[in-house]
Q: 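Below you will find the structure I want to go over with you.
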Amino acid sequence: MLIILNSHLILAERGRQILKYGVPIQAPLVSYNKNHSLHYDQAKKIPSWVAEHLTAWNLKGGAERQKCNFRSDASLPEMFRSKNEDYRGSGWSRGHMAPAADHKLDQAAMNETFLLTNILPQDISNNSGFWNRFELFCRDLTKKYEDVRIISGHLMMPNGKEDVTVSIGGEKKTITQKFIKYPVIGESEVAVPTHLFKVIVADESSKGPSSLGAFIVPNEPISREHKLTEYQVPLEEIEKRSGFELLPALDKSKTKDLCSDDGCQLMSFEKFELYFIGRRIKGATTMNRLEKAWEELKIKKLTPDKDLTTAYNEKKKELSQQ
DNA sequence: CGGTGCGGCAGT
DNA sequence: ACTGCCGCACCG
């Protein structure tokens, strides 16, 4: 034991000589914000993982996303920052990892989610469609579970194969290699992830087993017929691919499967569309916009409920009087 | 809810 | 002349 300790000390001393000019660091390791915490990948200029804690109570509040701005995180050295200009005209949208709507409780906390350290290049259809419904689903879990903890982040997964010629022992051979290929955007060369992940730990009460769910979603449009459960994976797969042990203090032997427990049903696409077109009808300020929204319902073959139909008729009356 | 782009208007 | 901000219209 003493010998092992001694040798370790000798190694540590040698290490100090080798690293005379300092240990290479990636700072800050973890950024603590008011209502979310994250690890930022300074080379790729996107978050590695972003953690949140949702409860029914802390989802309520009056913070508005209209008062927020996407902006560079000035707490980072300039060379590690991404900028709005990197995203502009790139074809990729600025996707929140900690979503704004999870931070209604406090305007400053919501503002912090617009720091580009919480943002990555995301396919816009994925962002406003499937991923949006996924986020709604996460908030909905607080109706069943007291505490919902979420870690969201990115993965780079192999997405191609190529035959390459290599020389092994002086002999040339052709073998097939896998590749991970991803675009980089803007002057800062912000990495576009191939996949996004979410890990959910939901606790019904402070006692009892946690429900655990892990998901990997490709960063591309996902058509409406796809179900969330198609993207469920073992937690270890995300840990293996991300290089992070994501829940080191959780006793995995005592967890339940979230989707066996809950079903993991996303809101149907029809209900989802109806919800937002309904908001446009109820909030219409001009006759043109009202009729346009109403027309959209017909085009998309959505059937409004009684409440929406009366809201439309009253709005029509109100606007025609002006 | 999640985003985009444009036009006007101020401040350097 | 460039930049940031804000309101507005638009889309899924």
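Lettering of chains follows the sequences in order, A, B, ..., and the numbering in each one begins at 1. Computed from a predicted model, the values in this text were never measured in an experiment.
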Q: Using a side-chain heavy atom cutoff under 4.5 Å and only I, L, V, M, F, W and Y, what cluster partners does W57(A) have?
A: L105(A)

Q: Output a table of donor-acceptor pairs, distance under 3.5 Å, between side-chain atoms of residues 189-198 of chain A and any protein atom two or more places apart or on a different chain; print 'none' if there are none.
A:
residue, atom, partner, partner atom, Å
T194(A), OG1, L155(A), O, 3.2
T194(A), OG1, M157(A), N, 2.8
K198(A), NZ, S152(A), OG, 3.0

Q: Quick one: closest heavy-atom pair of T229(A) and C259(A), and the distance?
A: CG2-SG, 4.1 Å

Q: Any residue in residues 124-144 of chain A with a heavy atom nearer than 4.0 angstrom to DNA chain C? Just list them by number, or reply none.
A: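 Those residues are S128(A), N132(A).
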
Q: Going 5' to 3' along nucleotides 7-12 of chain B, which nucleotides have protein heavy atoms under 4.0 Å from the base (write B), which only from the sugar-phosphate (write S), and which from neither (write -)?
A: ------

Q: Consider only side-chain N and O atoms of T286(A) and N288(A), and report whether a donor and an acceptor are under 3.5 Å apart.
A: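 Short answer, no.
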
Q: CZ of F114(A) versus P of dC5(C): gap in Å, rounded?
A: 13 Å

Q: For the side chain of K300(A), counting heavy atoms from C-beta on, which of dC5(C), dT4(B), dG12(C) is nearest?
A: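 So the side chain of K300(A) is nearest to dG12(C).
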
Q: For Y182(A) and N219(A): C-alpha separation, side-chain torsions, deciding distance, then whether side-chain hydrogen bond (donor to acceptor under 3.5 Å, both in side chains) applies.
A: CA-CA 11 Å; Y182(A) 56 89; N219(A) 187 11; over 6 Å; no

Q: Give the rounded distance in Å between these two atoms: CG of N219(A) and C1' of dG3(B).
A: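 Atom CG in N219(A) sits about 14 Å away from atom C1' in dG3(B).
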
Q: Among dG5(B), dT4(B), dC1(B), which is the nearest nucleotide to the side chain of F70(A)?
A: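 The nucleotide sitting nearest to the side chain is dT4(B).
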
Q: Show the nearest heavy-atom pair for residues L290(A) and K315(A), with the distance to one decimal.
A: CD1-CG, 3.9 Å

Q: Near DNA chain C, counting only heavy atoms under 4.0 Å, which residues of residues 77-86 of chain A show up?
A: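 Result for residues 77-86 of chain A: none.
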
Q: Check step by step if side-chain contact (heavy atoms from CB on, under 4.5 Å) holds for F215(A) and F134(A).
A: CA-CA 10 Å; F215(A) 306 87; F134(A) 194 2; 3.7 Å; yes

Q: Could you state the atom-to-atom distance from CG of L274(A) to C1' of dC11(C) in whole Å?
A: 17 Å

Q: So which nucleotide from dT4(B), dC10(C), dG2(B) ends up closest to the side chain of R289(A)?
A: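 Looking only at side-chain atoms, R289(A) lies closest to dC10(C).
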
Q: Applying the 4.5 Å side-chain criterion to the ILVMFWY set and letting contacts propagate, would F137(A) and F276(A) be lumped into a single cluster?
A: no

Q: Whether the H96(A) and N118(A) side chains hold a donor-acceptor pair (N or O, under 3.5 Å, no angle test) is what I'd like checked.
A: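 H96(A) vs N118(A): no donor-acceptor pair found between side chains.
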
Q: Does a side-chain N or O of R280(A) approach OP1 or OP2 of dC1(B) to a distance below 4.0 Å, or not?
A: no

Q: Can you confirm if the aromatic rings of Y275(A) and F272(A) lie within a centre distance of less than 6.0 Å?
A: no

Q: Looking at every strand, decide which applies to K104(A) at a 4.0 Å heavy-atom threshold: base, sugar-phosphate, or nothing.
A: sugar-phosphate

Q: Return the value, rounded to whole Å, for the distance between atom CZ of R279(A) and atom P of dA9(C).
A: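 Taking CZ of R279(A) and P of dA9(C), I get 17 Å after rounding.
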
Q: Can you figure out which of dG5(B), dG3(B), dG2(B) approaches the side chain of R88(A) most closely?
A: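 When the side chain of R88(A) is considered, dG5(B) is the closest of dG5(B), dG3(B), dG2(B).
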
Q: Under 4.0 Å between a side-chain nitrogen and a carboxylate oxygen: does that hold for D307(A) and K282(A)?
A: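 K282(A) and D307(A): salt-bridged.
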
Q: Could you tell me how far apart I277(A) (CD1) and dC1(B) (P) are, to the nearest whole angstrom?
A: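 In whole Å, dC1(B) P lies 16 Å from I277(A) CD1.
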
Q: Suppose we screen for side chain to side chain contact (heavy atoms under 4.5 Å, CB included). Which residues come up paired with D163(A), at least two apart in sequence or across chains?
A: T174(A), T176(A)

Q: Please tell me which of Q66(A) and W92(A) maps to the more 5' nucleotide of DNA chain B, matching each residue to the nucleotide holding its nearest heavy atom.
A: Q66(A)

Q: Atom CG of L290(A) and atom C1' of dA9(C): how far apart are they, to the nearest Å?
A: 15 Å

Q: Categorize R71(A) for me: base, sugar-phosphate, or nothing, with a 4.0 angstrom heavy-atom threshold over every strand shown.
A: nothing

